[in-house]
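To find a chain, count down the sequence lines: A is the first, B the second, and so on, and within it residues start at 1. This one's a predicted model, so the numbers in the text were calculated from it and none came from an experiment.
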2 protein chains.
Amino acid sequence: MAGRPVDHQRRAELLDAVVDYTVEHGFSEVSWRPVAAALGVSPTTLVHHFGTKEQMLVAILGRLRERIRAATSDRAGQQPDLAMAARAAWQRTSDPQQWPEFRLFFAVYGRALQAPQQFEGFLDRVVADWMSALVDEQGPDTDPATATRTATLVIATIRGLLLDLLATGDRDRVQDAAESFLASLE
Amino acid sequence: MAGRPVDHQRRAELLDAVVDYTVEHGFSEVSWRPVAAALGVSPTTLVHHFGTKEQMLVAILGRLRERIRAATSDRAGQQPDLAMAARAAWQRTSDPQQWPEFRLFFAVYGRALQAPQQFEGFLDRVVADWMSALVDEQGPDTDPATATRTATLVIATIRGLLLDLLATGDRDRVQDAAESFLASLE
DNA sequence: TCATTTCTAGTACGGATGTACAAAGAATAA
DNA sequence: TTATTCTTTGTACATCCGTACTAGAAATGA
């Protein structure tokens with residue numbers, strides 16, 4: 001038994017580059033040849049590492065999820081209370097440097113809504129990921145029903161405001177509304 | 001000077017059928033041949049009425065906008081106050097019968113965020129359409145800055161909750177959060 | 001009637017797409 | 001070394017795409 005070992009790191013490098021391309025050019029523009037050309041490799045190389053195109057798209061989603069989580073999760077993993085956590089989350093999501101990634105996020109979100117079977121895991125996690133963290137952040141003293149209600153509202157409001165921000169670019173107006181909402185949590 | 005007159009009604013019929021197809025099969029699945037086959041016409045017929053594919057997509061967006069507006073706008077065109085207007089808007093948007101249309105709406109929204117030049121008019125209007133109506137609804141007595149802030153928050157929250165609802169289908173949880181938000185407006 | 005314009009359909013062409021296949025180079029274990 | 005497996009590349013094929021072109025049918029005004 002022998003043979004060249006599988007190069008997992010190579011796949012990770014390629015995937016990161018592919019996600020960069022997708023963030024820049026759009027989710028609907030992903031196809032073997034243009035991506036491969038941008039990366040300086042042959043299309044066959046991508047096929048070898050990712051299998052089918054659909055599997056590659058799923059891999060992109062997974063990596064995107066990690067990136068967004070890394071960019072928006074709490075540094076130490078915990079905040080004193082929900083209001084602070086929500087404020088920290090908004091502060092990070094409203095950073096223009098993250099906008100390209102969020103544009104891709106919403107592009108995938110919209111597409112997943114019209115092709116649920118293709119991106120099943122995405123829709124399952126898109127709310128649940130944040131929900132559990134935000135519920136925990138409210139502590140064991142908070143009524144579970146209230147905690148869930150508040151967490152749902154925080155997720156929805158932040159995402160709705162982000163949608164507005166990405167579409168209009170009107171930072172002043174959206175930030176003003178965000179401040180109003182965050183203040184209501186305290 | 002003579003000739004067969006242009007049949008605008010025919011174009012409107014086709015457009016409605018095309019929007020039906022798009023709502024059902026997804027925005028990214030729109031191409032001449034499958035759509036034409038589903039409508040029982042030749043692809044050339046669609047090309048004749050809509051010009052290029054991009055022009056057809058723009059036409060779809062316009063018709064979708066009319067549909068959503070017709071389904072969610074106030075019956076008599078006015079409500080006593082913002083809280084009632086927001087409640088009425090949420091009641092109509094959370095109706096499962098409208099979900100397919102909203103799925104398409106968010107699919108286009110996400111795509112427009114990654115191809116702004118292609119759907120320029122969409123992003124310009126996607127917030128402004130509701131904004132003016134919601135500001136007006138607060139009456140002339142309300143401070144303009146406050147009215148804008150509140151309107152921004154109403155739009156963002158309703159859309160964020162709708163995103164959650166479409167992704168998870170968890171009506172109870174989302175409705176509970178919506179009630180909480182709507183109550184805070186009174 | 002006849003000329004003119006629209007509507008519909010058929011055909012064809014260049015290009016892009018996903019993917020299968022074969023071949024060559026590189027890295028491991030025996 | 002040899003055998004084996006992974007990596008990369010080039011080629012090829014069937015399919016789909018948008019769209020241009022042609023031609024006939026239908027509907028109008030002169």
Side-chain angles (χ1 to χ4, degrees), chain A residues 1-22 24-63 107-108 111 114-115 117-119, chain B residues 1-22 24-63 107-108 111 114-115 117-119:
Chain A
M1 191 161 84
R4 182 174 177 169
V6 177
D7 193 343
H8 298 95
Q9 186 177 351
R10 175 60 172 156
R11 198 194 116 113
E13 287 175 11
L14 288 174
L15 180 54
D16 258 312
V18 169
V19 173
D20 287 341
Y21 180 94
T22 310
E24 186 178 356
H25 293 83
F27 190 71
S28 59
E29 301 302 315
V30 173
S31 59
W32 295 125
R33 288 172 183 80
V35 174
L39 269 58
V41 298
S42 81
T44 324
T45 297
L46 296 180
V47 175
H48 174 257
H49 282 279
F50 297 104
T52 69
K53 183 182 174 181
E54 185 166 344
Q55 290 174 320
M56 187 195 201
L57 294 181
V58 171
I60 292 175
L61 298 200
R63 193 71 191 83
V108 172
R111 187 150 162 151
Q114 290 209 309
Q117 80 295 345
Q118 196 172 358
F119 308 106
Chain B
M1 191 162 81
R4 181 174 177 169
V6 177
D7 193 344
H8 299 95
Q9 187 177 351
R10 174 61 173 155
R11 197 194 117 113
E13 288 175 9
L14 288 173
L15 180 54
D16 257 312
V18 169
V19 173
D20 287 341
Y21 181 93
T22 309
E24 187 178 356
H25 293 83
F27 190 70
S28 59
E29 301 302 315
V30 173
S31 60
W32 294 125
R33 288 172 182 81
V35 174
L39 269 59
V41 298
S42 81
T44 323
T45 296
L46 296 180
V47 175
H48 175 259
H49 282 280
F50 296 103
T52 68
K53 182 183 174 181
E54 185 166 346
Q55 289 174 321
M56 187 194 201
L57 294 182
V58 171
I60 292 175
L61 298 199
R63 192 71 191 81
V108 172
R111 189 152 160 147
Q114 290 209 309
Q117 79 293 348
Q118 197 173 357
F119 308 104

Please list, one pair per line, the donor and acceptor atoms closer than 3.5 Å that link side chains of residues 31-40 of chain A to other protein atoms, with sequence neighbours excluded.
none

Checklist outcome for this item: With B for base contact, S for sugar-phosphate-only contact and - for none (protein heavy atoms under 4.0 Å), nucleotides 8-19 of chain D reads BBB-B----BBB
Next on the checklist: Once rounded to the nearest 0.5 Å, what's the spacing between atom CD of B:Q118 and atom CD of B:E54?
Outcome noted: 4.5 Å
Checklist entry - Does any non-hydrogen side-chain atom of B:L46 lie less than 4.5 Å from one of B:P43? => result no
Checklist outcome for this item: The single option from B:D16, B:V18, B:D20 that satisfies side chain to side chain contact (heavy atoms under 4.5 Å, CB included) with B:R63 is B:D16
Next on the checklist: Let me confirm one number: the CG-CZ distance from B:L57 to B:F27, rounded to the nearest 0.5 Å.
Outcome noted: 4.5 Å
Write down the protein N/O and nucleotide N/O pairs, taken from nucleotides 23-26 of chain D, whose separation is under 3.5 Å; answer none if there are no such pairs.
{"unit_1": "D:dA26", "atom_1": "N3", "unit_2": "B:R4", "atom_2": "NH1", "d": "3.4"}

Checklist outcome for this item: Here the distance between atom C1' of D:dC6 and atom CD of A:Q9, to the nearest Å, is 15 Å
Checklist entry - What is the distance from atom CG of A:D7 to atom CD of A:E13, rounded to the nearest 0.5 Å? => result 7.5 Å
Item to check | Nearest-Å distance for atom pair CG/C1', residues B:L39 and C:dT8 | outcome: 14 Å
Item to check | Side-chain touch B:R11/B:H8, heavy atoms, less than 4.5 angstrom | outcome: no
Checklist entry - At what distance, to the nearest 0.5 angstrom, does CE of A:M56 lie from CG of A:L14? => result 8.0 Å
Item to check | Length of the NE2-P vector between A:H8 and C:dA27, whole Å | outcome: 17 Å
